[in-house]
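The sequence lines fix the lettering, A, B, ..., with proteins before strands; numbering per chain opens at 1.
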2 protein chains.
Amino acid sequence: METYHHGSLRAELLGLAAETLESSGVHALSLRDLARRAGVSHAAPIHHFGTRTGLLTELARQGFEGLAAVLSDAGDDLYDAGVAYVRWGVGHPGLYGVMWQTELLDRTHEPLERARRDAWHHLERCLGPSTEARRTDALAAFALVHGVVQLILSGAEPRIQDDEASLRDLLRRLTPAS
Amino acid sequence: METYHHGSLRAELLGLAAETLESSGVHALSLRDLARRAGVSHAAPIHHFGTRTGLLTELARQGFEGLAAVLSDAGDDLYDAGVAYVRWGVGHPGLYGVMWQTELLDRTHEPLERARRDAWHHLERCLGPSTEARRTDALAAFALVHGVVQLILSGAEPRIQDDEASLRDLLRRLTPAS
DNA sequence: GGGTAAATCTTGTCGGTGACAAGTTACACT
DNA sequence: AGTGTAACTTGTCACCGACAAGATTTACCC
């Protein structure tokens with residue numbers, strides 16, 4: 001059969017990579033392993049992504065898009081959005097880490113940066129008009145939800161409950177300025 | 001001179017590793033490069049740390065100790081401690097990332113976990129007696145400062161100012177429960 | 001102070017990995 | 001039909017972490 005022209009190699013590689021990311025972590029993700037599992041040569045992934053960084057950058061971009069979609073669905077309430085954010089992050093332990101590890105990503109990749117800003121704006125939107133104080137509010141809100149996700153994922157604080165009620169209770173410690 | 005028995009190889013390797021970590025990031029930190037720069041054989045670092053994970057674990061432990069010391073000096077006020085935390089994190093961009101990247105560390109290493117808990121307790125101490133609500137307060141406080149550091153280090157939000165006044169203003173969005 | 005155990009470091013080697021270069025095959029478009 | 005281009009392969013290189021086995025030095029104990 002067709003040894004050449006797999007047809008949708010790029011998509012399949014991304015899928016396999018996402019699986020590995022969640023099941024085994026970034027460090028276990030190698031281009032050569034992906035190639036083996038997809039049944040192609042060891043250099044095939046490089047053709048599609050250039051470098052390993054290129055692959056991770058694409059995964060991160062997809063991640064921010066998924067996150068933005070969830071935030072968009074969560075509505076206009078800051079705490080609703082916060083809960084949605086945390087739940088998405090906790091649900092994607094491998095990917096979420098990659099999204100924030102700038103060392104692994106190509107920060108000059110415009111689609112990635114755009115997706116990141118989009119996700120940010122969905123959270124900022126819950127705070128009303130953009131004054132100076134609102135921007136600080138948004139920073140605090142983002143830092144809090146991001147920190148909660150990282151704390152949970154790191155496993156450093158096993159006492160954190162990630163059910164909705166506990167999360168909401170936690171997020172309520174944040175009170176936007178007057 | 002003495003080819004064998006460098007005298008303080010372990011300490012020198014840790015120092016070189018810390019330098020590389022801050023100047024070039026984790027990914028640029030290799031045991032073999034450390035060995036070259038210390039003028040020893042490529043396997044010498046392995047003798048002292050077992051694995052690369054072992055080296056990073058030791059660095060992280062030192063990191064938490066340094067962080068705990070800074071928090072201890074910051075006094076009893078939650079916001080003072082928060083500012084001190086953020087400033088320490090921002091001042092150690094490479095190391096701070098390693099400290100929270102569990103994939104790179106040996107989480108069963110008791111000295112590391114003890115140092116981590118110590119740092120935590122220094123922050124929790126600012127909140128008074130340990131009730132249920134206080135613990136949630138502590139979680140929120142930790143998540144917020146941690147998130148702020150990560151946001152700054154990631155460079156995703158260049159608008160964050162890390163001078164003391166701006167940081168304090170940001171941290172004030174957090175109000176512990178009654 | 002002599003001998004033995006342990007710690008420190010070296011040499012050698014293995015499998016795995018990212019990256020690049022050059023070649024081969026299939027598709028697309030005119 | 002023919003030609004350019006995209007998709008993929010084979011081959012290769014340097015680097016890395018890890019392990020094993022050996023050499024050298026220190027420490028300790030009688």
Side-chain angles (χ1 to χ4, degrees), chain A residues 1-21 23-60 94 98 101-109, chain B residues 1-21 23-60 94 98 101-109:
Chain A
M1 225 58 85
E2 51 276 340
T3 57
Y4 274 68
H5 287 76
H6 174 286
S8 51
L9 219 206
R10 187 185 152 94
E12 180 171 347
L13 289 174
L14 283 171
L16 290 171
E19 281 177 27
T20 308
L21 209 53
S23 66
S24 313
V26 219
H27 73 281
L29 185 66
S30 90
L31 296 177
R32 291 177 103 107
D33 182 57
L34 285 180
R36 274 189 294 270
R37 285 163 51 200
V40 293
S41 82
H42 62 89
I46 289 189
H47 174 260
H48 285 285
F49 303 105
T51 65
R52 193 181 115 107
T53 298
L55 168 63
L56 293 176
T57 299
E58 177 59 20
L59 287 170
V98 170
Q101 212 163 342
T102 56
E103 222 174 354
L104 298 176
L105 304 176
D106 175 10
R107 293 292 309 278
T108 72
H109 192 66
Chain B
M1 221 62 85
E2 50 277 339
T3 58
Y4 272 69
H5 286 77
H6 174 285
S8 52
L9 219 205
R10 186 185 154 93
E12 178 171 349
L13 289 174
L14 283 170
L16 289 171
E19 280 178 27
T20 308
L21 208 53
S23 66
S24 314
V26 220
H27 73 279
L29 184 66
S30 89
L31 296 176
R32 291 176 103 106
D33 181 58
L34 286 180
R36 274 189 294 269
R37 285 162 51 200
V40 293
S41 82
H42 63 87
I46 289 189
H47 174 259
H48 285 285
F49 303 106
T51 66
R52 193 180 114 108
T53 299
L55 168 64
L56 293 176
T57 299
E58 177 59 20
L59 287 169
V98 170
Q101 211 164 343
T102 57
E103 222 174 357
L104 298 175
L105 304 176
D106 175 10
R107 292 293 307 279
T108 71
H109 191 66

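For B:His47 and D:dT25, the NE2 to C1' distance is 12 Å, given to the nearest whole Å. The distance from atom CG of B:Leu13 to atom P of D:dG17 is 13 Å, rounded to the nearest whole Å. If you measure from atom CG of B:Leu9 to atom P of D:dT24, you get 18 Å, rounded to the nearest angstrom. Atom P of nucleotide D:dC16 and atom CG of B:Leu29 are separated by 11 Å, given to the nearest angstrom. At whole-Å resolution of the value, CZ in A:Phe49 and P in C:dA19 are 13 Å apart. A straight line from CZ of A:Arg37 to C1' of C:dT17 spans 16 Å, rounded to a whole angstrom. Rounded to an integer number of Å, the gap from NE2 of B:His27 to P of D:dC16 is 12 Å. Rounded to whole Å, the distance from CG on B:Leu104 to P on D:dG17 is 12 Å.
Here the straight-line distance linking atom CG of B:Leu105 with atom CG of B:Leu56 works out to 6.5 Å at 0.5 Å rounding.
Taking 4.0 angstrom as the limit, A:Arg10 places none of its side-chain polar atoms (N or O) nearer than this to OP1 or OP2 of D:dC8. Distances shown here put every side-chain N or O of B:His48 at or beyond 4.0 Å from the OP1 or OP2 atom of C:dA7. Distances shorter than 4.0 Å separate none of the side-chain N or O atoms of B:Ser41 from OP1 or OP2 on C:dC9.
Minimum heavy-atom separation, A:Asp106 to A:Thr53: N-CG2, 3.6 Å.
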Distances under 3.5 Å between protein N/O atoms and the N/O atoms of nucleotides 11-13 of chain D, please, pair by pair.
{"unit_1": "D:dG11", "atom_1": "N7", "unit_2": "A:His42", "atom_2": "NE2", "d": "3.4"}

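Sorted by first then second residue, the salt bridge (charged side-chain N to carboxylate O under 4.0 Å, His left out) pairs that include residues 43-59 of chain A, not counting sequence neighbours, are A:Arg10-A:Glu58, A:Glu58-A:Arg61.
When side chains are defined from C-beta on, A:Val98 does not count as touching A:Leu59, because their heavy atoms never get closer than 4.5 Å. Side-chain contact between A:Leu14 and A:Leu55 is present, with heavy atoms from C-beta onward closer than 4.5 Å. With a 4.5 Å cut-off on side-chain heavy atoms, A:Glu12 and A:Leu16 count as touching.
Nearest to the side-chain atoms of A:Leu31 among the listed nucleotides D:dT9, C:dG18, C:dT10 stands C:dG18.
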Quiz: residues 26-34 of chain B side-chain donor-acceptor pairs under 3.5 angstrom, not counting sequence neighbours:
{"unit_1": "B:His27", "atom_1": "ND1", "unit_2": "A:Glu103", "atom_2": "OE2", "d": "2.5"}
{"unit_1": "B:Ser30", "atom_1": "OG", "unit_2": "B:Asp33", "atom_2": "N", "d": "3.0"}
{"unit_1": "B:Asp33", "atom_1": "OD2", "unit_2": "B:Arg37", "atom_2": "NH1", "d": "3.3"}

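Looking at heavy-atom distances under 4.0 Å, B:Ile46 makes contact with a base.
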